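This report concerns only the one structure given below.
Keep in mind the model is a prediction, meaning the values are calculated, not measured.
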Amino acid sequence: MAATCFPTSDERIRLGMPADFLERDFASAFGDIRSRFPRARLSVRTDLSARLAEDIDHGRLDLAFKRAPSNAADAAITFEPMAWFGKIATSHQSNDAVPLVAFADGCAYRDEALRSLHLMGREWTIACEARSLSALVGAVKAGLGYAALPIRLGERKSLRHAGDLADLPQLNAVELALGIAEGCNLPFARAIGGIITEQCALA
């Protein structure tokens, strides 16, 4: 039986994740990683899920947590139920184009929002394209539009459920998956991914 290969020197592992993932309890996860693998060097980069998947495929990252629609063919860690958040403007009519607050193209939340609106035949417009979670939350709280977000994330940020706009479509859950680059130290990468998954992904 081959021995499990864990790092014995200053091995660097490049980890990618969506920016909002850092809202979880990473202090305990990173502490556990440092305790188990004191010589390993972890570098973290945040980006959109589509870019993280591309970087895994091209070897620019060793492992990445990424989100995709729940029917994507990937190894799901968990499925995150989604909901609409936002304050309805008094001037908004039910047949108006839905004003959206979203991350840039390549975000799984945006993809699911547009998929559901297209399926319902609703028109939409990007009222605010946010480059950070704090910007997105600020735009939603300011009443610029509606955001499709995981329920736990929206509630954690004290955003208002958009239940007052009855004609918004149902949203599918979004998959959270762990991708590992080909040629990466697989047992080590899985161990790191497992620690973060256990302490953060399901929080």
Side-chain angles (χ1 to χ4, degrees), residues 13-26 29 42-86 100-119 124 126 128-137 139-140 145-157 159 161-162 168-182 184 189-190 192-203:
I13 188 160
R14 301 162 298 171
L15 171 65
M17 62 185 67
D20 66 90
F21 204 71
L22 285 171
E23 292 290 313
R24 303 161 196 246
D25 181 18
F26 267 85
L42 192 65
S43 65
V44 179
R45 181 166 63 77
T46 62
D47 211 330
L48 300 170
S49 289
R51 293 177 187 162
L52 294 173
E54 183 179 309
D55 286 346
I56 281 287
D57 291 341
H58 289 84
R60 293 187 289 265
L61 288 172
D62 299 309
L63 70 158
F65 290 91
K66 50 199 172 83
R67 293 188 174 93
S70 59
N71 60 354
D74 210 335
I77 294 169
T78 189
F79 292 89
E80 299 178 309
M82 300 278 289
W84 293 100
F85 293 90
L100 296 179
V101 176
F103 293 118
D105 191 25
C107 169
Y109 304 156
R110 174 176 173 147
D111 290 347
E112 176 55 25
L114 298 187
R115 183 206 65 80
S116 66
L117 289 167
H118 177 74
L119 193 64
W124 54 271
I126 299 293
C128 176
E129 185 172 277
R131 296 292 177 177
S132 67
L133 179 60
S134 59
L136 184 143
V137 168
V140 172
Y146 301 93
L149 294 170
I151 294 173
R152 288 183 180 180
L153 176 61
E155 292 177 347
R156 191 181 300 131
K157 290 300 180 180
L159 296 178
H161 281 268
L168 281 173
Q170 284 288 115
L171 296 164
N172 285 344
V174 169
E175 175 184 305
L176 179 65
L178 177 65
I180 300 178
E182 187 175 351
C184 179
R190 288 201 182 280
I192 295 291
I195 291 170
I196 296 174
T197 298
E198 182 179 354
Q199 303 229 18
C200 305
L202 306 181

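- A search for side chain to side chain contact (heavy atoms under 4.5 Å, CB included) contacts involving D57 returns nothing, not counting sequence neighbours.
- Residues that satisfy the salt bridge (Lys or Arg N to Asp or Glu O under 4.0 Å) test with D55, not counting sequence neighbours, are R45, R60.
- Side-chain contact between L114 and H118: absent, with no pair of heavy atoms (C-beta onward) separated by less than 4.5 Å.
- Atom CG of L15 is separated from atom CG of L63 by 5.0 Å, given to the nearest 0.5 angstrom.
- The shortest heavy-atom contact between A189 and I180 is CB-CG2, 3.9 Å.
- Of the inter-residue distances, the one linking N172 atom CG with E112 atom CD reads 4.5 Å to the nearest 0.5 angstrom.
- Nearest heavy-atom pair across L168 and A162 is CD1-CB, 4.1 Å.
- Considering CD1 of I126 and CG of D105, their distance stands at 9.0 Å, rounded to 0.5 Å.
- Every residue two or more places apart in sequence or in another chain that forms a side chain to side chain contact (heavy atoms under 4.5 Å, CB included) with R51 is listed here: D47, L48.
- In this view, S43 and R12, R14 satisfy the side chain to side chain contact (heavy atoms under 4.5 Å, CB included) rule, not counting sequence neighbours.
- Of all heavy-atom pairs between P150 and M82, the closest is N-SD, 3.4 Å.
- In this structure, L100 CG and W124 CH2 are separated by 7.0 Å, a value rounded to the nearest 0.5 Å.
- A distance of 11.0 Å separates CD1 in I192 from CG in L178, rounded to the nearest 0.5 Å.
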> How far apart are the C-alpha atoms of K157 and L133, what are their side-chain angles, what is the distance that settles it, and do they pass the side-chain contact (heavy atoms from CB on, under 4.5 Å) test?
Replying inline: CA-CA 10 Å; K157 290 300 180 180; L133 179 60; 3.9 Å; yes
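- Side-chain contact between L136 and D20 is absent, with no heavy atoms from C-beta onward closer than 4.5 Å.
- Considering every non-hydrogen atom in both R67 and S49, the closest pair reads N-OG, 2.9 Å.
- A distance of 5.0 Å separates CG in L61 from CD1 in I56, rounded to the nearest 0.5 Å.
- Partners of T46 according to the side-chain hydrogen bond (donor to acceptor under 3.5 Å, both in side chains) rule, which considers only residues two or more places apart in sequence or in another chain, do not exist here.
- Here the closest heavy-atom approach between residue P18 and residue F65 is recorded as CD-O, 3.0 Å.
- In this view, I151 and P81, A83, E155, H161 satisfy the side chain to side chain contact (heavy atoms under 4.5 Å, CB included) rule, not counting sequence neighbours.
- Looking at W84, its side chain never comes within 3.5 Å of a backbone N or O of L171 through a donor-acceptor pair.
- The two atoms that bring A104 and R131 nearest to each other are CB-NH1, 3.5 Å, heavy atoms only.
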